[in-house]
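Structure first, commentary second.
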2 protein chains.
Amino acid sequence: MRVRQVNSARYAGAVSEALWDRSRCSVAGTLAVIGEKWSLLVLREAFLGVRRFADFQRVLGAPRAVLTDRLATLVDQGVLRRVPYQAPGERQRHEYRLTQKGIDLHPVLVALMAWGDRYLAEDDDVPLELRHRDCGEPVHLALVCDAGHELSGAREVRPVPRGPGA
Amino acid sequence: MRVRQVNSARYAGAVSEALWDRSRCSVAGTLAVIGEKWSLLVLREAFLGVRRFADFQRVLGAPRAVLTDRLATLVDQGVLRRVPYQAPGERQRHEYRLTQKGIDLHPVLVALMAWGDRYLAEDDDVPLELRHRDCGEPVHLALVCDAGHELSGAREVRPVPRGPGA
DNA sequence: TCCCTGAGTTCGTGCGACGAACTCTGCCCT
DNA sequence: AGGGCAGAGTTCGTCGCACGAACTCAGGGA
């Protein structure tokens with residue numbers, strides 16, 4: 001159907017840094033999986049319950065060919081699953097559902113959304129809010145350390161190199 | 001120097017959804033700002049302390065022209081600031097520093113990194129760890145609600161439409 | 001039988017990424 | 001003063017991907 005190698009940018013280029021090795025950074029690896037145009041928007045819709053090709057296409061307005069490619073990529077990265085289904089009176093079709101690996105991308109979407117709400121929404125016109133299913137209170141992302149402190153921001157974080165190159 | 005309009009995908013396409021209006025979603029807006037190739041990698045390096053053009057170029061290996069464009073975009077989006085500086089015995093140059101708006105993108109990077117660490121690092125070879133500057137404990141992202149509960153995952157979240165279209 | 005819809009595939013065009021080469025500026029050395 | 005050097009771009013040719021429109025294919029219904 002379609003050949004695709006994982007091309008991972010994690011191993012691109014001869015960097016040979018004075019600092020630790022940046023080419024293996026997980027950010028680059030993750031972007032190699034979901035960083036292409038439309039991928040994150042596809043996932044946003046998936047989290048909102050969209051499953052069928054036509055619905056993705058209609059809601060996003062992405063070109064069909066691109067959408068076909070992005071869905072296929074996400075499927076063979078294990079982020080989505082292609083599941084057959086049959087609506088009564090119709091022939092068998094496929095739908096795309098999040099796997100656990102895909103569900104675990106939720107914080108990425110939440111972080112993007114939170115930033116957009118803060119800096120791009122005009123006059124507090126936030127289009128979508130996340131609430132705790134149990135208690136109904138609004139939900140936000142927080143950095144917490146294993147000692148239980150909730151950090152106030154990036155300045156309280158210290159990046160520490162690890163692994164064989166340390 | 002370079003003209004750039006904010007082109008925001010937030011208003012693209014006539015969607016007219018049965019569900020709430022997806023075209024104003026903050027995820028798309030944020031991606032219009034930082035979703036281009038290399039932008040997030042530039043920010044990753046900025047968080048690790050990189051400030052000068054040549055250092056970005058050397059560490060990332062991105063083509064100069066692309067890097068020039070991405071830095072300019074991030075500057076006129078207000079994510080980076082172009083600051084003049086003068087090293088002793090050199091002529092005046094510029095460096096790129098995170099603004100508060102840029103620093104607030106930290107959770108996005110952390111979320112991408114966490115997912116990559118979980119799913120892409122072979123045999124737990126995590127290249128970089130984040131620790132609380134004060135207590136030294138490892139730090140992770142969490143969803144917490146305003147009642148103080150820490151949610152276990154995306155399934156405990158309910159998205160609620162808001163604003164004029166509700 | 002023809003038509004319709006969902007899910008693609010094909011195709012021509014054009015923009016954007018790429019790497020190499022060129023430019024411009026001001027400091028340093030001789 | 002002249003030449004070399006380095007940082008920060010800019011220019012250019014190529015090549016690939018994104019785009020939108022048109023085409024295909026399968027099955028169900030009128």
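Note on naming: letters A, B, ... go to the chains in the order of the sequence lines (proteins, then strands), and numbering restarts at 1 for each one. What you are looking at is a predicted structure, and each value in this text was computed from that prediction instead of being measured. Worth knowing before you read on, the calculation uses all heavy atoms, side chains too, and leaves out hydrogens, waters and symmetry mates.
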To the side chain of [X], which of [options] is closest?
{"X": "A/W38", "options": "D/dG7, D/dA18, C/dG8", "answer": "D/dA18"}
{"X": "B/R52", "options": "D/dA8, C/dA7, C/dA17", "answer": "D/dA8"}
{"X": "A/F53", "options": "D/dT10, C/dA7, D/dA18", "answer": "C/dA7"}
{"X": "B/R91", "options": "C/dT9, D/dA6, C/dA7", "answer": "D/dA6"}
{"X": "A/Y85", "options": "C/dA7, C/dC27, D/dA18", "answer": "C/dA7"}
{"X": "A/A54", "options": "C/dC18, D/dA18, C/dA7", "answer": "C/dA7"}

Spacing between [X] atom [atom1] and [N] atom [atom2], to the nearest angstrom:
{"X": "B/R51", "N": "D/dA8", "atom1": "CZ", "atom2": "P", "value": "14 Å"}
{"X": "B/L60", "N": "C/dC18", "atom1": "CG", "atom2": "C1'", "value": "15 Å"}
{"X": "B/D69", "N": "C/dA17", "atom1": "CG", "atom2": "P", "value": "7 Å"}
{"X": "B/Q57", "N": "D/dG9", "atom1": "CD", "atom2": "C1'", "value": "11 Å"}
{"X": "A/Q86", "N": "C/dG6", "atom1": "CD", "atom2": "P", "value": "15 Å"}

Compare side-chain N and O positions of [X] against OP1 and OP2 of [N] and report whether any pair is under 4.0 Å apart.
{"X": "A/R93", "N": "C/dG8", "value": "no"}
{"X": "A/R58", "N": "C/dT5", "value": "no"}
{"X": "A/Y96", "N": "C/dG6", "value": "no"}
{"X": "A/K37", "N": "C/dG16", "value": "no"}
{"X": "B/R70", "N": "C/dG16", "value": "no"}

- Task: For the pair A/R131 (side chain) and A/E137 (backbone), establish whether a donor and an acceptor sit closer than 3.5 Å, ignoring hydrogens and angles.
- Result: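 No; zero donor-acceptor contacts below 3.5 Å.
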- Starting at the 5' end of DNA chain D and moving along, which residue's nearest nucleotide shows up first, A/Q92 or B/A65?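 Nearest-nucleotide comparison on DNA chain D picks B/A65.
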- Message: Between B/L71 and A/G61, which residue's closest nucleotide on DNA chain D lies nearer the 5′ terminus?
- Response: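 The answer here is B/L71.
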- Query: Do the non-hydrogen side-chain atoms of B/L143 and B/E156 ever get within less than 4.5 Å of each other?
  - Reply: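 Sidechains of B/E156 and B/L143: no contact.
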- Among B/R52, B/R51, B/H94, which one satisfies side chain to side chain donor-acceptor pair (under 3.5 Å) with B/Y85?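 The single option meeting the side chain to side chain donor-acceptor pair (under 3.5 Å) with B/Y85 is B/R52.
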- Item | Polar contact flag, side-chain donor to acceptor under 3.5 angstrom, B/R82-B/Y96 |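 Yes, B/Y96 and B/R82 have a side-chain donor paired with an acceptor closer than 3.5 Å.
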- Message: Let's test your reading of the model: under 3.5 Å, does the base of C/dG8 pair with the side chain of A/R64 as donor and acceptor?
- Response: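 It does, because a donor-acceptor pair links the side chain of A/R64 to the base of C/dG8 below 3.5 Å.
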- Message: For A/K101, is there an ion pair with A/D104 - N to carboxylate O distance below 4.0 angstrom?
- Response: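 Answer for the salt bridge query: no.
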